[in-house]
Trainee: 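Quick one: this structure, given as structure tokens, is what I'll be asking you about.
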Amino acid sequence: MDPVHSPSSIDKTRVMDVKPLRSLKPIFPYPNQGLILVQAPPSGPFPSGYTPFYPFVSPPPPPQPPVAPTPLRTPESSGVINGDVKPPVDASGGSERRKRGRPPKSSQKTNVVEKRSWRSEASIPINHNFVVPVSLAQQEDGNREVVDLIMTGYDGLRRRLCQLDDTGAISRGLAKRADLKASNMMMTTGFRTNIKRRIGAIPGVEVGDIFFFRIELCVLGIHAPSMAGIDYMNLRGESEEDFVALSIVSSGYYDDDDEDENVLIYSGQGGGPTVMDKQASDQKLVRGNLALQRSVHRGNEVRVVRGIKDGINLNTKVYMYDGLYTVQDSWMQKGKSDTNIFKYKLVRVPGQPSVYGIWKSVEKWKEGVSSPAGLVLPDLTSGTEGIPVTLVNDVDNEKGPSYFTYFPSLRYFEPYMQSSHTCKCQNSCNPGDPNCSCNQTNKGDFPYTGNSILVSRKPMLYECGPSCQCYPGCKNRVSQTGLKLRLEVFKTKDRGWGLRSWDHIRAGTFICEYAGEVIDKASLKQKLQEGGGNEYIFDTSRVLEPFRWNELGLLLKGISDDPSQDEVYNIPSPLVISAKSFGNVARFMNHCCYPNVFWQPVMYEDNNQSYLHIAFFAMRHIPPLTELTYDYGVVSNDDDINNNFRKRKCFCGSSQCRGFFGL
DNA sequence: GTGGCTTCAACCTC
DNA sequence: CGAGGTTGAAGCCA
């Protein structure tokens, strides 16, 4: 089933090239809404007279299409919106190249316009009913929730574009540079924040936040240039220049000295090793170099982003926001090719949390050069997992959690349900293979990207299982291949033991499954009545606050006919797991009302029987040593078990805290 | 408002 | 796997 090519789906959403969004204004459900400038968190409360945007409150009335759409669908016309010349839309979904529909050359003003409207050679399906949930005020100045929403939305959209490309749902290669496609759609629809250029901290961005693409810094207003290393402004009144440096990115392209966690020797731009400047020349005191020079005397705060080689995926880079620095000194020195290079000494403003320092410490722990403070056990799994799980307590004298047997998977005493679809793929299942039955059960959308990142939540995720004929290395076996991250069980200050990771974690990364013994409701009731047995229980019948992880999946035409159901779990019968006596690291993950991890039901088959598993994935990018938490949910009222046993006061401390959670 | 220019990307190929 | 080529996009500036 291919939603892009299905004629019946076309009247719901229109198909258009992604590029024309460039000309669209931000989309608001009510005509004057975007003009009201208010400062309010996305969940409210809102000032009177201001109607917040869906999805933070109840949905608006059915929104009107934001632009007159009909010309876009006419194959013969060139499709004109807002005066801009657009390529016509390929209603067949983009499989056909747009040669015949190319606008006449005379209508092109310049070569650049020609190039732009012509560049994308196929179509990405856009849902025009999507309402951008970021107010104009929030586009100007962010806060933590807006930043999280945009970050999560950005990466979800990017993953979905990768998935469409992998599965062949859109023309091959259309989603290359999915990072830029996603950012382009967000920048043009107003799904961005901190547009206002500013000196110093960015509202909603915290020291230690991590990113995986330079363009993310742009979408969040941390660092405006898409490539350049120095962001600066000219504060001039009339004609005289008054430069000030705003932020810099140090990612190893030039010969910076980044050994010290509080001092960074940064190189100026130009002249040297860039591809564009083939012949080396002296750097000039212009643009970013001039701005940094001026900031030496001005003494203003400059944001610093450190680009670090990703130790997990060696061909990617992690960008870490390292907080505020001041430029204390500058000089000129000879570079490798004997040309003049500017150098700037940036010193970290005191009182900010150590993050780059932590990063470097963790690397030493992993190399075995040093150990974390309060190390109790180097591996609490005693080799059961393929990778050690460290036990650390630098809070008090407790020597470890109460006794349990480390068990890495789920212990079923009877099959979860009958089933009989297994794949017959050779080697590995292919995202674009319509004959793979595991692909079919996932409705044609391969659940993971090429580097094993979950694309979106699903009512049920089907992985290949022991009965499938593909190899164990098949890309559709992510949650069953054990721990990949370097995890640590540690003593928290006020919530017992917790779980965190030495490695940074990218959004959508599999963390662990909930291991333990599958029990029935009667056993659970008995355990509760015995008292004290209500810890280390995972119960799918606890009620979760609905949330959208892949918010911007809605911007693209949905996987199902009703995208609002995409992320609602469909669990045939409740699953209760006890990790009291047998369990893995998941039993240590604490509850939080504003969590960074979620669970996803995963089913796979063995010998004509299906087994349900609970897999945990990162909701956001998670910096090293950040506690991993998920929402335990609350016990439903119709549960026949005494609710009081199953309610516990919450200490998560987040602004969204409900005050209690379920057990 | 526009197009040229610059630029510590990201990806792909060889 | 590294070098090098290709495609890119934001924002300053003329």
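Numbers restart at 1 for each chain; the letters A, B, ... are given by sequence-line order, proteins then strands. Basis for what follows: all heavy atoms, side chains included, without hydrogens, waters or symmetry-related copies.
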Trainee: Report the residues that fulfil side-chain contact (heavy atoms from CB on, under 4.5 Å) with A:Q352, sequence neighbours left out, ordered by chain and then residue number.
Mentor: A:V207, A:L324, A:R348, A:V349
Trainee: Starting at atom NZ of A:K336, determine the distance to atom C1' of B:dC8, rounded to an integer number of angstrom.
Mentor: 14 Å
Trainee: Nearest nucleotide by nearest heavy atom, which residue falls closer to the 5' end of DNA chain B, A:R287 or A:F213?
Mentor: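 The residue mapped nearer the 5' terminus is A:R287.
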Trainee: Does A:D503 come within less than 4.0 Å of A:R486, counting only side-chain N to carboxylate O?
Mentor: no
Trainee: Within the structure shown, what part of the strands sits under 4.0 Å from A:S267 by heavy-atom distance: base, sugar-phosphate, or nothing?
Mentor: base
Trainee: Nearest whole Å is fine: how far is B:dC11 P from A:L180 CG?
Mentor: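 Computing the A:L180:CG to B:dC11:P distance gives 9 Å.
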Trainee: For B:dA10, does OP1 or OP2 lie under 4.0 Å from any side-chain N or O of A:Y319?
Mentor: yes
Trainee: Using OP1 and OP2 only, check whether a side-chain N or O of A:K317 sits under 4.0 Å from B:dA9.
Mentor: yes
Trainee: Would you kindly give the CG-to-P distance between A:D179 and C:dT6, to the nearest whole Å?
Mentor: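 In whole Å, C:dT6 P and A:D179 CG are 20 Å from each other.
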Trainee: Considering only side-chain heavy atoms of A:R177, which listed nucleotide, C:dG11, C:dC13, B:dA9, is closest?
Mentor: B:dA9
Trainee: Taking atom types as they are modelled, is there a donor-acceptor pair under 3.5 Å from the base of B:dC8 to the side chain of A:D256?
Mentor: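 Result: at least one qualifying N/O pair found.
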Trainee: Just to confirm, is there a sub-4.0 Å distance from OP1 or OP2 of C:dC12 to any side-chain nitrogen or oxygen of A:R197?
Mentor: yes
Trainee: Run the salt-bridge test on A:R144 and A:E206 with the 4.0 Å N-O cut-off and return the result as yes or no.
Mentor: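 A:E206 and A:R144: salt-bridged.
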Trainee: Got a minute to check which stems DNA chain B is part of, using Watson-Crick or G-U wobble pairs under 3.5 Å, three or more consecutive?
Mentor: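 Consecutive-pair runs (3 or more) involving DNA chain B: B:2-7 with C:9-14, B:9-14 with C:2-7.
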Trainee: Would you mind classifying the nucleic acid contact of A:Y232 as base, sugar-phosphate or nothing, using non-hydrogen atoms under 4.0 angstrom?
Mentor: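 Sugar-phosphate: the residue A:Y232, judged by heavy atoms under 4.0 Å, touches backbone atoms but no base.
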Trainee: May I ask you to check whether A:F510 and A:F617 place their ring centres under 6.0 Å from each other?
Mentor: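 Yes, they do, as the ring centres are separated by less than 6.0 Å.
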Trainee: Using OP1 and OP2 only, check whether a side-chain N or O of A:S251 sits under 4.0 Å from B:dA9.
Mentor: yes
Trainee: Whole Å only: how far is the CD1 atom of A:I215 from the C1' atom of B:dC8?
Mentor: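 Answer to the nearest Å: 14 Å.
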Trainee: With a 4.0 Å cut-off on heavy atoms, is A:R306 in touch with a base, just the backbone sugar-phosphate, or nothing at all?
Mentor: nothing
